[in-house]
Amino acid sequence: KIKFIFFAVAVAVFIILAILYQSGAIGAGTKVLPGEKDITPNSQLEWHTLSASDIPTYYSAVGTIRSREEIDIISRLFTARVISVNFNSGDAFKSGDILVKLEDNDLQAQVEAAQENLNSAESRLKFAEEEYQRYSKLVETQIVARRVYEESVSNLNVAKAQVAMMKHELKVARTNLEYATLLAPFDGIVAERNSDPGDLATPLNPLMKVFNPAKLQLHVPIRENLYRKININDQLQVAVESSGKTFTAVVKEIVPSVDPGSRTFIINADLSGVPTGLMPGMFARCEIPVGSKSALTVPQSAILKIGQLEYLSVRADNGTVLKQLVKTVPLRNSNLLEIVSGVNHGIQYLIP
């Protein structure tokens, strides 16, 4: 019982001492009163005068990444069966590669028939030319009647017309045969594959969508009151959040038409170089310089942040240093901060 009582008393004493220590009753030293305390004036301090300066202003616009060469691969034949599709979504291809092959047995037969018709027409033309040359000599000596000669001239003209028509039909047949093989018009990437072997291809059904990744541009709507502030060849900084990168774009087109619903016009800016990691349809944000304004700026090191509060060390009338509560916003592409409230032009401040 004596040991138990001693242990209980020791625990109680320990708890009481811990409570007193946490409350500052023991071991806390001199208590610091709440509030701000002025710093004793020091002649060695280097004061800076807050003055206004001109800073550029920007208009933030959002747009969409697109490719200048973005097309749908469709069949120019009225109906044709898909034989093979050589690329899948995301695959890269070279200019001239066969993207889709269509059934062409009937087209090949039409080419062969047109070639035979042309051969027959050329044979008739050769006979008509020989007949014309023979009668043209005999008519001068009046061995044959002029009517026979005139018939030979007519037959020659008809034969020439038939040859020309057969050549045209052969060209059309060969062109239709070429339509059965869909070739890549440029180096690019397959954005979407919409067909498989066995499908029926028509001009209304896109077989594939492709784009050129080397010719990406920013398609962005701009409010109408900025129409005169944007010019061709202006450079814009484009941030693509999904890629985490910033790119440079050059304005190449300004569409001279305003949408009456959104009161905006469209600009197209080509992305410089060969941007990687971008795809059509991505969200992008660009900063457009629209002028300048007068603002109070200080270095970032002059601002003391305590939680969400910002303080600037300023000089009081009696020479003491006071921490003045201010509100700042960062400036783009700079280590300066713009003071929007809290102090006025002409005061002196410190840079720690």
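No hydrogens, no waters, no symmetry mates; every other heavy atom, side chains included, goes into these values.
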Residues forming a side-chain contact (heavy atoms from CB on, under 4.5 Å) with Q108, sequence neighbours excluded: E112, L177
Side chains of T49 and S51: donor-acceptor distance under 3.5 Å anywhere? no
Show me the donor-acceptor pairs within less than 3.5 Å that the side chains of residues 344-352 make with the rest of the protein, sequence neighbours left out.
unit_1, atom_1, unit_2, atom_2, d
Q348, OE1, R315, NH1, 3.1

With a 3.5 Å distance limit and no angle check, can you tell me whether T175 reaches the backbone of K171 through a side-chain donor-acceptor pair? yes
With side chain to side chain contact (heavy atoms under 4.5 Å, CB included) as the criterion, how do H48 and L50 come out once you've worked through the C-alpha distance, each side chain's angles and the decisive distance to 0.1 Å? CA-CA 6 Å; H48 301 268; L50 185 63; over 6 Å; no
Got a second to check how far K327's NZ is from Q308's CD, nearest 0.5 Å? 8.0 Å
Report yes or no: does S67 contribute a side-chain atom to a donor-acceptor pair with the main-chain N or O of N212 at less than 3.5 Å? yes
Is a side-chain donor-acceptor pair under 3.5 Å present for S152 with N155? no
Donor-acceptor pairs under 3.5 angstrom involving side-chain atoms of residues 296-304: please list them, not counting sequence neighbours.
none

Indicate whether any N or O donor in one side chain lies under 3.5 Å from an N or O acceptor in the other, for T246 and Q237. no
From CD (Q217) to CD1 (I65), nearest 0.5 Å: 9.0 Å
Hydrophobic clustering (ILVMFWY, side-chain heavy atoms < 4.5 Å, transitive) - are F186 and M208 grouped together? yes
Sidechain N-carboxylate O distance under 4.0 Å for K215, D270: no
Only pairs under 3.5 Å count here: list side-chain donor-acceptor contacts from residues 222-235, not counting sequence neighbours, and write none if there are none.
unit_1, atom_1, unit_2, atom_2, d
R223, NE, N225, OD1, 3.0
E224, OE1, R263, NH2, 3.4
E224, OE2, R263, NE, 3.4
D234, OD2, N231, N, 2.8

Same apolar cluster: F14 and V9, side chain cutoff 4.5 Å: no
Have R174 and Q115 got a donor and an acceptor in their side chains that come within less than 3.5 Å? yes
Please walk me through it: do S154 and N157 pass side chain to side chain contact (heavy atoms under 4.5 Å, CB included)? CA-CA 5 Å; S154 176; N157 293 333; 5.6 Å; no
S120 and N117: side chain to side chain donor-acceptor pair (under 3.5 Å), yes or no, with the steps? CA-CA 5 Å; S120 176; N117 292 335; over 6 Å; no
Give every donor-acceptor pair under 3.5 Å between a side-chain atom in residues 75-90 and any protein atom, sequence neighbours left out.
unit_1, atom_1, unit_2, atom_2, d
S75, OG, L77, N, 3.1
S75, OG, L77, O, 3.4
R76, NH1, Y179, OH, 3.1
R76, NH2, Y179, OH, 3.3
R81, NH1, G198, O, 3.0
N86, ND2, I98, O, 2.8
N88, OD1, R193, NH1, 2.3
S89, OG, R193, N, 3.1

Which distance, rounded to the nearest 0.5 Å, do you find between the CD of Q324 and the CD1 of I339? 10.0 Å
Could you tell me which residues satisfy side-chain contact (heavy atoms from CB on, under 4.5 Å) with A161, sequence neighbours excluded, listed by chain and number? none
Atom pair CZ (R124) and CG (N119), whose distance is rounded to the nearest 0.5 Å: 10.5 Å
Do T264 and V258 have side chains that approach each other closer than 4.5 Å (heavy atoms only, starting at C-beta)? no
Hey, what do you get for OH (Y132) to CD (E150), rounding to the nearest 0.5 Å? 11.5 Å
Look at E131 together with K126 and state whether they make a salt bridge at an N to O cut-off of under 4.0 Å. no
Spell out, yes or no, whether V238 and F211 are grouped together once hydrophobic residues are joined by side-chain heavy atoms under 4.5 Å, including indirect joins. no
Membership question, hydrophobic clusters at under 4.5 Å side-chain separation (ILVMFWY): are L336 and V343 in the same one? no
Using a strict cut-off of less than 4.0 Å between a Lys/Arg side-chain nitrogen and an Asp/Glu carboxylate oxygen, indicate whether R147 and E151 qualify as a salt bridge. yes
Which of L207, T181, L183 passes side-chain contact (heavy atoms from CB on, under 4.5 Å) with V100? Answer is L207
Side chains of L218 and C286: does their closest heavy-atom pair fall under 4.5 Å? yes
